[in-house]
Visitor: 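Sending over a structure as structure tokens; questions will come in a sec.
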Amino acid sequence: MSTISRIFRTFSTSVVKSPAKTIYDELYKERNLKTVVQKFKKLSQSHLFRKQANVYNNTVHRLASAKKHKWVEEILEDQKQYDDISKEGFAIRLISLYGKSGMFDHAHKVFDEMPERNCLQTVKSFNALLGACVNCKRFDKVDEVFKQLPEKISVKPDIVSYNIVIKAYCEMGLFELASSMFDEMRCNGINPDLVTFNTLLIGFYGNGRFDDGEIFWDKMMNNASISPDIRSYNARLVGFVHEKKLTKAVDLIENLGCLKPDEFSYNAIINGFCNNGDLEEAKKWYTKLVESDSAPNKATFATLIRFASKMCDFDWAAELFKQSFEQKCVVDPYVMQLVIDGLVKESKTEEAKKLVGIGKSSKVRRYNLMMPADE
DNA sequence: AAAGAGTGAC
């Protein structure tokens with residue numbers, strides 16, 4: 001579920017600003033998902049509607065997050081009646097939407113049906129299928145698709161294909177295979193790009209393979225055609241934090257040159273100080289984040305509210321609690337309840353009641369937080 | 001219209 005949210009995150013945020021938002025307001029404002037399905041199918045009859053990729057992303061995301069996979073199937077299968085399905089781009093959209101919804105067999109079926117719909121299978125739809133393996137965590141299928149399919153359908157894997165396979169190996173914890181794929185792609189005349197390096201850096205630094213991370217960091221720095229971006233630096237920050245090298249991490253975030261730290265950079269540092277039990281530094285870096293061009297997000301609040309509660313700084317926890325609502329960040333109710341319980345324990349009953357009220361009235365997410373006496 | 005890289009964790 002959290003994986004699904006992450007995969008769709010880019011789309012749902014862009015949808016907010018998209019003009020489709022106003023045109024299809026009726027669909028977005030509908031709270032009843034069964035009605036959403038009916039309305040979506042009705043709207044799909046319009047050729048113009050079917051061009052709106054964002055409406056598809058948004059709707060499928062809503063249904064998949066609510067675990068209504070039958071309804072995802074209902075709206076996506078319904079699309080096959082339109083001529084658009086013989087265009088590769090439309091098939092790719094269905095494959096990737098099924099993939100993001102965790103429905104691998106459906107994704108594979110759309111791919112398999114392409115020839116009978118006179119739709120050419122190029123490396124792009126091949127990559128969409130490969131991506132669906134990873135998004136559905138069907139790692140057993142990755143090798144099968146990557147090693148057998150290209151020959152069957154006469155496509156040549158490209159840089160995107162290799163990047164997807166490298167990500168799959170990193171997620172499987174098969175770091176040696178991820179490294180060897182990096183060598184193999186170069187033998188096949190495909191040069192690693194920024195995505196390749198960032199995938200490997202995140203895989204290594206994020207999983208306790210600091211030394212391997214450093215090897216690829218050096219390779220990237222020595223590669224004249226690659227300019228590391230903030231994601232590359234953030235991966236290394238996470239690596240330093242894992243290694244408990246906080247001085248190194250702080251030095252890195254303060255010396256990014258022309259790059260600007262983002263919320264992921266700050267979160268990495270904040271995580272480090274929380275793990276060290278350093279309340280003062282955690283507060284300091286939270287303030288820096290608030291004063292920066294970025295804003296704290298769900299992960300920031302989840303970490304800090306939990307940490308402040310653990311350190312019994314319930315005044316700060318309450319402050320963060322309120323901030324998280326102002327920023328419309330949805331944090332696990334269990335963490336929010338920690339703050340209420342802590343305030344009550346310190347006899348700050350009025351403040352606790354106030355927070356319960358904020359939770360009940362929130363439009364972002366209605367929390368059913370309780371005063372300990374209610375339980 | 002269309003494929004690939006990220007944060008927490010009872």
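Small disclaimer: the values here were computed from a predicted structure and weren't measured. Throughout, a chain's letter reflects where its sequence line sits, starting with A, and its residues are numbered from 1.
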Visitor: Tell me, with the steps shown, if A:Tyr205 and A:Asp212 meet side-chain hydrogen bond (donor to acceptor under 3.5 Å, both in side chains).
Guide: CA-CA 8 Å; A:Tyr205 284 130; A:Asp212 291 321; over 6 Å; no

Visitor: Taking DNA chain B as the partner, which of residues 300-313 of chain A come within under 4.0 angstrom of it by heavy atom?
Guide: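 Close to the strand are A:Ala302, A:Thr303, A:Arg306.
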
Visitor: Roughly, in whole Å, what's the span from CD1 in A:Ile226 to C1' in B:dA5?
Guide: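 Rounding to the nearest Å, CD1 of A:Ile226 and C1' of B:dA5 are 12 Å apart.
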
Visitor: Would you tell me whether A:Gln79 and A:Tyr56 have side-chain atoms, one donor and one acceptor, within less than 3.5 Å of each other?
Guide: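 There is such a pair (donor and acceptor under 3.5 Å, judged by atom type) between the side chains of A:Gln79 and A:Tyr56.
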
Visitor: How long is the line joining CG of A:Leu237 and P of B:dA5, in whole Å?
Guide: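 Computing the A:Leu237:CG to B:dA5:P distance gives 20 Å.
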
Visitor: Roughly, in whole Å, what's the span from CG in A:Asp229 to C1' in B:dG6?
Guide: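 Rounded to the whole Å, the gap is 11 Å.
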
Visitor: Show your reasoning for whether side-chain hydrogen bond (donor to acceptor under 3.5 Å, both in side chains) applies to A:Asp193 and A:Thr196.
Guide: CA-CA 5 Å; A:Asp193 66 2; A:Thr196 318; 2.9 Å; yes

Visitor: Establish, from distance only, whether the side-chain atoms of A:Asn118 and A:Ser86 form a donor-acceptor pair under 3.5 Å.
Guide: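 A:Asn118 vs A:Ser86: no donor-acceptor pair found between side chains.
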
Visitor: Could you work out which one of B:dA1, B:dA5, B:dA3 sits closest to the side chain of A:Leu194?
Guide: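 In terms of side-chain proximity for A:Leu194, the closest of B:dA1, B:dA5, B:dA3 is B:dA5.
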
Visitor: Whole-Å distance between B:dA9 P and A:Asn275 CG?
Guide: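 Computing the A:Asn275:CG to B:dA9:P distance gives 7 Å.
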
Visitor: Check every strand shown and say whether A:Ile159 touches a base, only sugar-phosphate, or nothing at a heavy-atom separation below 4.0 Å.
Guide: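 Base, at least one base heavy atom under 4.0 Å.
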
Visitor: Can you name the ring-ring contact (aromatic ring centres under 6.0 Å, His included) partners of A:Phe216, sequence neighbours left out?
Guide: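 Once residues adjacent in sequence are excluded, the partners of A:Phe216 under the ring-ring contact (aromatic ring centres under 6.0 Å, His included) criterion are A:Phe182, A:Phe204.
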
Visitor: Is it the case that B:dG8 (base atoms only) and A:Asp332 (side chain only) share a donor and an acceptor within less than 3.5 Å, ignoring hydrogens and angles?
Guide: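 Answer is no: no donor-acceptor pair is held.
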
Visitor: Find the distance A:Leu338:CG to B:dC10:P and express it as a whole number of Å.
Guide: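 Taking atom P of B:dC10 as the reference, CG of A:Leu338 is at 10 Å.
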
Visitor: Identify which nucleotide among B:dA2, B:dG6, B:dG8 has an atom closest to any side-chain atom of A:Ala53, counting heavy atoms from C-beta outward.
Guide: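 Taking heavy atoms from C-beta onward, the closest nucleotide is B:dA2.
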
Visitor: Ignoring the backbone of A:Ala299, work out which of B:dG8, B:dA3, B:dA5 is nearest its side chain.
Guide: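 Looking only at heavy atoms from C-beta outward on A:Ala299, the closest nucleotide is B:dG8.
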
Visitor: Look at the side chain of A:Arg93 against the base of B:dA2 and say whether a donor-acceptor pair falls under 3.5 Å; ignore hydrogens and angles.
Guide: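 There is none.
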
Visitor: Any side-chain N or O of A:Lys167 below 4.0 angstrom from OP1/OP2 of B:dA5?
Guide: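 For B:dA5, OP1 or OP2 has a side-chain N or O of A:Lys167 closer than 4.0 Å.
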
Visitor: Between A:His108 and A:Phe104, what is the ring plane arrangement, given parallel below 30°, perpendicular above 60°, and tilted in between?
Guide: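 Judged by the thresholds at 30° and 60°, the geometry between A:His108 and A:Phe104 is perpendicular.
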
Visitor: Nearest of B:dA3, B:dA5, B:dA1 to any side-chain atom of A:Val195?
Guide: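 It is B:dA5.
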
Visitor: So which nucleotide from B:dG6, B:dG8, B:dA2 ends up closest to the side chain of A:Asn234?
Guide: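 It is B:dG6.
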
Visitor: Nearest whole Å is fine: how far is B:dG6 P from A:Tyr266 OH?
Guide: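 So the OH-P distance, A:Tyr266 to B:dG6, works out to 22 Å.
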
Visitor: What do the steps show when you test A:Asn198 against A:Asp229 for side-chain hydrogen bond (donor to acceptor under 3.5 Å, both in side chains), and what is the final call?
Guide: CA-CA 9 Å; A:Asn198 285 351; A:Asp229 66 359; 3.1 Å; yes

Visitor: Starting at CG of A:Asn267 and ending at C1' of B:dT7, how long is that distance when rounded to a whole Å?
Guide: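 Atom-to-atom, A:Asn267 to B:dT7, this comes out as 5 Å.
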
Visitor: Atom CH2 of A:Trp285 to atom C1' of B:dT7: distance rounded to whole Å?
Guide: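 Atom CH2 in A:Trp285 sits about 16 Å away from atom C1' in B:dT7.
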
Visitor: Which of these nucleotides, B:dA2, B:dC10, B:dA1, is closest to any side-chain atom of A:Tyr334?
Guide: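 The answer is B:dC10.
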
Visitor: Please list all pairs passing the salt bridge (charged side-chain N to carboxylate O under 4.0 Å, His left out) test where one or both residues lie in residues 256-265 of chain A, with sequence neighbours left out.
Guide: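 Listed by first then second residue: A:Lys260-A:Asp293.
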
